[in-house]
Amino acid sequence: MFTFDDNTRLTVLATSITLAILSNKAEADVPGRLISESEIAAWDISIPPSGAGLPEGSGSVADGAELYAAQCAFCHGATGTEGPADRLVGGFGSLTSDAPTKTLGSFWPHATTAFDYIRRAMPFYAPGSLKDSEVYAVTAYLLHLNGILPEDARLDAQSLRAVTMPNAAGFVAAYPSDN
Amino acid sequence: MQRYVNVSEKVAGGGLLHRRTLLGVAAFGGVAAAGKSLAAPLAVPEWSEVPGLPMSGYGQPSPFEAHVQRPVLGLYPEGTGDGAGVSFTPLEHLEGTITPNGLFFERHHSGIPEIDPTRHELVIHGLVRQPRVFTSEDLVGMPLITQTVFLECAGNSLFNSLAEPQQRSAGEIHGLIGAAEWTGVRLADLLDLVGIDPRATWILAEGADAAKQSRSIPLSKIIDGDAMVALYQNGERLRPEQGYPMRLVLPGWQGSMQTKWLRRIKLVDGPTQTKDETSKYSLSQKDGRAQQFIFEMGVKSVITRPSPGIAPTRPGLYQISGLAWSGAGRIVRVQVSADGGTSWADALLDGDARPKMLTRFRLPWDWSGEPALLMSRATDEMGAVQPTRMEWYAPWAPEQLYHQNAIQVWSVAATGEVQNVYL
């Protein structure tokens, strides 16, 4: 909804200035500076469900188990169920109960979200410290603990895209997602 | 003292008076005090006898106001998530509708980054004609706009989702909201500078904090919408805890989308399905499925005076005061009940009711000293009426706690003590 009221004229003015800049002024007069997508790479870390942008590399459940014990278990518990930070494992069949247990396995609809979030924000006190292959490994281990991947699994961009989460159909978009 | 007229004109049960009733100032705070003579003559205090303190570079509240603080609530045990939590705007200690910057609520997912603005940049890329990077000084040099709007956390009032009413202050229950005059750049103007690819339908907004907090926002909120990149809050640069040097402001929408420490906007062709729009900030239905992308904050109100800890001291005349707001637009009506919803009186809306902004409401109340149940119920210009707690709960799973906009009930005991109760 448009609610600028008295600012509408200012906004129109601003837009026309912008257009004038783009059509007539030298690049040096346009606010900000140009940048190429390759220069943005270090920041371009968001991974949508399509898996677009997933990096090279791969990691195994076994590698993930070691990393988890060393870097994750202190907050999330030895088996991903003990906390004190968010529970990551189990809770299957609980979503319709009065006390649902919402975990990566029981609730999260997309495996790509796990890769994205672990890479951007975990471990809590050193986010961004895991190599891409280690993020694949930790993701693989957590999916294995939730019974989604076998013990000998290895994750890379292609196999992560192929994962279907148990609760993939459990979400309804209140706002049209193709809008 | 003609101003005492109409004191007896009750318009609803429990002693509620007409909103335009003129009342003598002396009548407030209890009629018993009105005729009481002072026990001691006026003294000249020491601060009137010597020159006071000199000027200062940045003013601070009176030391006598030091008790007015944001209550802080960490979400995890120490050493397992420090800096992840909230602090609450102390609504019961404030008046008017603008939240002071130092008392504006906080919600951080990984602490407050200490950003040097000369090294902070905002990149806009993805489905654009040409990516660009902006410093905050670049943005300050662009045409600026100001919007005075509230900003509310999707988890505000979550304590009233719990099975038993929690005995907390109004701010500790409903204080994950603040309102400010925000000044910055229209996000649509920034997107014009990079050129929008027609395939773009959403953006991904990302912060520079340690969690790189990220959310998806539909492009419709930006093009012909009111989304802005704010640089100033109530006239001064943003505070670090509010996203210094730049943050998104999305008027009327849930707070967690209004990305602080904004560092990146990527134009994309659908939602990115980030952690905070799937596993969090989704609303669980009774059938176990969860609704995503409920963005707008519902119509809501709360009485801040009286409220727990802000109690009437003796029977007599009081002014009930509270806040109402809606993410859909203006507040057009606030009704108050003192008898648990049996009867209602229209409150006075103080000042202009502005869209997506807090509106202060007031109503005189002649408290008899009998137990009372105080409630307020807001209506917005779209016709939406604030629900009761049971009505609000109807579609949701028992543990669902986001977007809680139910009517608050304060019980006032004969002693004057105010408590949080469910009806």
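In the text below, chain A, chain B and the rest are named by the order of the sequence lines, each starting its count at 1.
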A:Cys75/B:Tyr76 under side-chain contact (heavy atoms from CB on, under 4.5 Å): CA gap, chis, key distance, verdict: CA-CA 9 Å; A:Cys75 294; B:Tyr76 300 103; over 6 Å; no

CA sep, side-chain torsions, deciding dist, call: B:Lys212, A:Arg119, side-chain contact (heavy atoms from CB on, under 4.5 Å): CA-CA 10 Å; B:Lys212 272 77 76 183; A:Arg119 182 167 67 158; over 6 Å; no

A:Phe107/B:Thr278 under side-chain contact (heavy atoms from CB on, under 4.5 Å): CA gap, chis, key distance, verdict: CA-CA 9 Å; A:Phe107 191 57; B:Thr278 52; over 6 Å; no

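Open room surrounds CZ on A:Phe74; 12 or fewer heavy atoms of other groups in view lie less than 6.0 Å from it. The 12-atom threshold is not exceeded at CD of A:Glu66, counting heavy atoms of other residues, nucleotides or ligands nearer than 6.0 Å.
Only the side chain of B:Leu204 has a heavy atom closer than 4.5 Å to any heavy atom of chain A. If you measure heavy-atom distances from A:Ala114 to chain B, you find no contacts under 4.5 Å at all. At a 4.5 Å heavy-atom cutoff, the contact between B:Ala211 and chain A is made by backbone and side-chain atoms alike. Heavy atoms closer than 4.5 Å to chain B are found in both the backbone and the side chain of A:Trp43. For a residue to count as touching a neighbouring chain, one of its non-hydrogen atoms must lie under 4.5 Å from one of that chain's; by this rule A:Pro84 touches chain B with backbone and side chain alike. At a 4.5 Å heavy-atom cutoff, the contact between A:Tyr117 and chain B is made by side-chain atoms alone. For A:Ile35, the parts sitting under 4.5 Å from any heavy atom of chain B are the backbone and the side chain alike. Of the two parts of A:Ile45, the backbone and the side chain both hold a non-hydrogen atom closer than 4.5 Å to a non-hydrogen atom of chain B. For B:Asp209, no part lies under 4.5 angstrom from a heavy atom of chain A. Both the backbone and the side chain of B:Gln291 come within less than 4.5 Å of a heavy atom in chain A.
Taking 4.0 Å as the cut-off between side-chain N and carboxylate O, B:Lys275 and A:Asp86 do not count as a salt-bridged pair.
Formation of a donor-acceptor pair under 3.5 Å by the B:Arg264 side chain with backbone atoms of A:Ile40 is not found in this model. The backbone N or O of A:Ala85 sits nowhere less than 3.5 Å from a side-chain atom of B:Thr80 that would complete a donor-acceptor pair.
When all heavy atoms of B:Ser279 and A:Trp108 are compared, the pair lying nearest together is CB-NE1, 3.1 Å. The minimum heavy-atom distance linking B:Gly81 with A:Tyr125 is given by the pair N-OH, 3.0 Å. Smallest separation of non-hydrogen atoms from B:Phe134 and A:Pro31: CE2-O, 3.3 Å. The heavy-atom pair separating A:Ala169 from B:Arg289 by the smallest distance is O-CD, 4.0 Å.
In this structure, the separation between CG on A:Leu95 and NZ on B:Lys286 is 15.5 Å, given to the nearest 0.5 Å. The distance from atom CD of B:Glu206 to atom OG of A:Ser46, rounded to the nearest 0.5 Å, is 6.0 Å.
The closest side-chain heavy-atom distance from A:Thr112 to B:Gln273 is not below 4.5 Å. Counting only heavy atoms from C-beta outward, the side chains of A:Pro48 and B:Val268 never approach each other to under 4.5 Å.
Heavy-atom pairs under 4.5 Å with chain A peak, among B:Asp287, B:Asp82, B:Leu139, B:Thr274, at B:Asp82. Interface check for chain A: of the options B:His109, B:Glu121, B:Gln285, B:Glu137, the most heavy-atom pairs under 4.5 Å are formed by B:Glu121. Of the listed residues B:Ile294, B:Thr135, B:Val133, the one with more heavy-atom pairs under 4.5 angstrom with chain A than any other is B:Val133. The residue among B:Pro398, B:Ser110, B:Ala290 with the most heavy atom pairs within less than 4.5 Å of chain A is B:Ala290.
Each of A:Glu37, A:Glu27, A:Glu39 was evaluated against B:Arg132; a single residue qualifies, A:Glu27, per the salt bridge (Lys or Arg N to Asp or Glu O under 4.0 Å) test.
Classification of the B:Trp253-A:Tyr175 ring pair by plane angle, with boundaries at 30° and 60°, yields perpendicular.
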